[in-house]
Protein chains: 4
Amino acid sequence: MSPRTEKQFELIREERRQKIMDSALDLFAKNGYDNTSISQIASKADISKGLLYNYFKSKEDLLEAILNTGIDELMDVFDPNKDGVLEVSEMKFFLEEMFKILKKHRVFWRLYFSVTTQPSVFKLVEKRIEEIYKPLTKMTVDYFTRQGHENPTAEAILFGALLDGISFDYVLKPDIFPIEMVKKELINRYCC
Amino acid sequence: MSPRTEKQFELIREERRQKIMDSALDLFAKNGYDNTSISQIASKADISKGLLYNYFKSKEDLLEAILNTGIDELMDVFDPNKDGVLEVSEMKFFLEEMFKILKKHRVFWRLYFSVTTQPSVFKLVEKRIEEIYKPLTKMTVDYFTRQGHENPTAEAILFGALLDGISFDYVLKPDIFPIEMVKKELINRYCC
Amino acid sequence: MSPRTEKQFELIREERRQKIMDSALDLFAKNGYDNTSISQIASKADISKGLLYNYFKSKEDLLEAILNTGIDELMDVFDPNKDGVLEVSEMKFFLEEMFKILKKHRVFWRLYFSVTTQPSVFKLVEKRIEEIYKPLTKMTVDYFTRQGHENPTAEAILFGALLDGISFDYVLKPDIFPIEMVKKELINRYCC
Amino acid sequence: MSPRTEKQFELIREERRQKIMDSALDLFAKNGYDNTSISQIASKADISKGLLYNYFKSKEDLLEAILNTGIDELMDVFDPNKDGVLEVSEMKFFLEEMFKILKKHRVFWRLYFSVTTQPSVFKLVEKRIEEIYKPLTKMTVDYFTRQGHENPTAEAILFGALLDGISFDYVLKPDIFPIEMVKKELINRYCC
DNA sequence: GATGAATGAGCTTTCATTCAT
DNA sequence: TATGAATGAAAGCTCATTCAT
């Protein structure tokens, strides 16, 4: 008789939206953004193609939403803006947190690396990524400065590259990459 | 008619083939494999679409050829099969060589990373990549063993990840990544 | 419950119906029938898409209602059925009335001309239009006959075409078409 | 063995292009631009959808080409720029020419009127249309001035509207509009 | 060898209409 | 009465690939 309440609508919408994003993330990560069709996504999310456009105004918009959500989750857990200073004890926490995220959101990170290499699509999140990277870099430079390193900038850049490489290798070959061993080694090395 | 003519034909063919591959590499690296059309490649190589199919039997085949050529060049320069043993002095050479290649074939490496994240396309070269990685890994494990490291496997994996990360970062942001500084630092660190 | 309530309902319905039609007329006239979506109309009328279908059983039905209402208003003002005879004095009134309508319902006439050129949609009102045109033509033929014209039929057809052309030109370029001047000239010419 | 010569290609292309435009003109005029699909056009022209895009880069581009061709043909026959002066004898020629064109290109004119009422599409040819209308208007104003009319501007505007109305009525109802009679009457009236 | 016209499947997107609530 | 989620058909368009010449 009466129409659905606003709250009911909101709830349904939120669930559907999430389901679409989950389906799309899986497919994007597995097959690449360009090789995933709206049909496939809709089919995986058990909805019609048309409905998808009720939730996202384009395929690109969907990708952007996925990436932003991933970045948001990341920043929630990881927020580097607390005070911007990394104590030795915090470095350990930082690394542990990073590995936790890497494992939990492996699929997302796979998509992330794939997007990174595609300018046409990377521009969607370039700004936000930079906003994250900048304070991170600063933090690690400061950290290595306080540690008394001779060339803290180089150290920080190598540290960043190392984390990138580890993430990349793990995300692409999770079954053979010895993530736990690497984690331990890393903590040994950088949190002495 | 004469054998010379045939040789000339062969030469022309080879040159044209190379031109197609160069054009395609550029476009693939810049816009992505999926966002590059055969028309664009043919146009950039100054030939017709039809002729392109005279040289490569499909778009995928063209990509495969590009990747294999890149890998071949890599192995020519870098051949790790000489004797499979990396002396300390050779490690320095190895790293210098690697950075040389990275700079010279930056566009290729950009394509390489982009392809790596797309299984549908990575399968084309997966085998060969593994064939390269395996001895490399062994070599570095041996190296770190001989160096007396406590956990040479972990060290080798970190070393590999570091090289991957450096390559990745450099290739995506060549203008801001301090490649020379990183190279010096790396040699300092690993070739003592 | 009480009849008054029902009357109020009726009133609300009527108002809403009118609002939908007004919104649709605006959009149809501005962007064309095909380029106007039900969503746009519903949004402009501040109702839901679903409710619109409570008032009109299809988009075509809505268009038909708009056209018929326009035609009805026209006939109310203009009623050529009074006695079917046009005196010289009445011709002046007729023309003045026509220009009044043209200015007041310019948007409607714009839609009218747009619809006229699209058979798939014109068929909706073809019959009624003919019912209007026929007596009008007869009336003018009689008028020109009484005026002693040599070829009153030709005169009537030219007169009709002239009115069509004036309407068309004015409706499409209201800002540059000198409607007042044309009106004066027309009255001078035909109501001597 | 040898590829087609450039001339052969050119010939084939020109024929195909014309066939596509003819098919499209028919369908656009009959069903309207928006109600005609690329599929229908391709099917009527006996080609695939894809090929159509080898000749026209979009549906809009196709429409534009049709309209421009129509306008070109019109100007070839009708070129009002000869000297810009209309003698009495020339007025007769002018009108006869106009009716000839109207009959010969009736389908085009139907499309023209339909396009005129759709701003989204009219903009494609607005400029060119104005370039034609302006000298025409000037010419007729001059003509009526020379004829000694009291208000030549009004006369010219009425004359223009009359021609528009006649064209409109004829093009929409060619079977019942007495085009020959109207032509005679018009010549009588304006070329005394 | 060399051309580019031609195909057809598949893409993203839109939208009139229906329907559970 | 009133909502807007949901559908599905159809639109415009792209592109790897083939083929007659």
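Convention: sequence-line order gives letters A, B, ...; per-chain numbering from 1.
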- Message: So, taking the atom named CD1 in D:I38 and the one named NZ in D:K49, what distance separates them when rounded to the nearest 0.5 Å?
- Response: 9.5 Å
- Contacts of C:K123 meeting salt bridge (Lys or Arg N to Asp or Glu O under 4.0 Å) (sequence neighbours excluded), chain-then-number -> C:E60
- Item | Gap between atoms CZ and P, on D:F56 and F:dG12 respectively (whole Å) | 15 Å
- Whole angstrom is fine here: how far is it from CG in C:L52 over to C1' in F:dT3? 13 Å
- Partner set under salt bridge (Lys or Arg N to Asp or Glu O under 4.0 Å) for A:D61, not counting sequence neighbours: none
- Contacts of A:R13 that satisfy salt bridge (Lys or Arg N to Asp or Glu O under 4.0 Å) - sequence neighbours left out: none
- Query: Hey, does A:Y55 reach any base, or is it just sugar-phosphate, or nothing, if we go heavy atoms under 4.0 Å?
  - Reply: sugar-phosphate
- Task: Return the value, rounded to whole Å, for the distance between atom CD1 of B:I41 and atom C1' of F:dC15.
- Result: 12 Å
- Nearest-Å distance for atom pair CD1/P, residues C:I47 and F:dT3: 8 Å
- CD1 (C:I129) and CD1 (C:I71) are apart, to the nearest 0.5 Å, by 3.5 Å
- Query: How would you list all residue pairs meeting ring pair (Phe, Tyr, Trp, His ring centres under 6.0 Å) that involve residues 46-65 of chain B, not counting sequence neighbours?
  - Reply: none
- Summary of side chain to side chain donor-acceptor pair (under 3.5 Å) pairs that have at least one residue in residues 23-36 of chain A, sequence neighbours excluded: A:D26-A:K44, A:D34-A:Q118, A:D34-B:N35, A:N35-B:D34
- Provide, to the nearest angstrom, the distance between the CG atom belonging to A:L11 and the C1' atom belonging to F:dG4. 15 Å
- Message: Holding to salt bridge (Lys or Arg N to Asp or Glu O under 4.0 Å), I want the full list of residues that pass it with C:E64, two or more places apart in sequence or in another chain.
- Response: none
- Strand-adjacent residues in residues 13-29 of chain A, judged by heavy atoms under 4.0 Å from DNA chain F: A:R13, A:R16
- Note on the structure: The ring pair (Phe, Tyr, Trp, His ring centres under 6.0 Å) partners of A:F113 (sequence neighbours excluded) come to A:F168, B:F168
- Task: Salt-bridge test for B:D46 and B:R16: reply yes if a basic N is under 4.0 Å from a carboxylate O, no otherwise.
- Result: no
- Item | Along DNA chain E (nearest heavy atom to each residue), the more 5'-positioned of D:S48 and B:I12 | B:I12
- Message: Tell me the interatomic distance from A:D61, atom CG, to E:dT14, atom P, rounded to whole angstroms.
- Response: 11 Å
- Quick one: A:N35 CG to E:dT12 P, roughly how many Å, whole number? 10 Å
- Query: Given pairs defined as Watson-Crick or G-U wobble with both distances under 3.5 Å, what dot-bracket annotation applies to DNA chain F, with ( ) intrastrand, [ ] crossing, | other strand and . unpaired?
  - Reply: .||||||||||||||||||||
Protein-nucleic acid N or O pairs under 3.5 Å, nucleotides 16-18 of chain F:
from: F:dA16; atom 1: OP1; to: B:T36; atom 2: O; distance (Å): 3.3
from: F:dA16; atom 1: OP1; to: B:K59; atom 2: NZ; distance (Å): 3.0
from: F:dA16; atom 1: OP2; to: B:I38; atom 2: N; distance (Å): 2.6
from: F:dT17; atom 1: OP2; to: B:Y53; atom 2: OH; distance (Å): 2.9
from: F:dT17; atom 1: OP2; to: B:K59; atom 2: N; distance (Å): 2.8
from: F:dT17; atom 1: O4; to: B:K49; atom 2: NZ; distance (Å): 3.2

- Look at the side-chain N and O atoms of A:N54 and state whether any lies under 4.0 Å from the OP1 or OP2 oxygen of F:dA6. no
- Note on the structure: Taking for A:D46 and for D:L51 the nucleotide of DNA chain F with the nearest heavy atom, the one nearer the 5' end belongs to A:D46
- Message: Nearest whole Å is fine: how far is E:dG1 P from B:E10 CD?
- Response: 10 Å
- Partners of B:Q18 by side-chain hydrogen bond (donor to acceptor under 3.5 Å, both in side chains), sequence neighbours excluded? B:D22
- Item | Contact list for residues 106-117 of chain C, test side chain to side chain donor-acceptor pair (under 3.5 Å), sequence neighbours left out | none
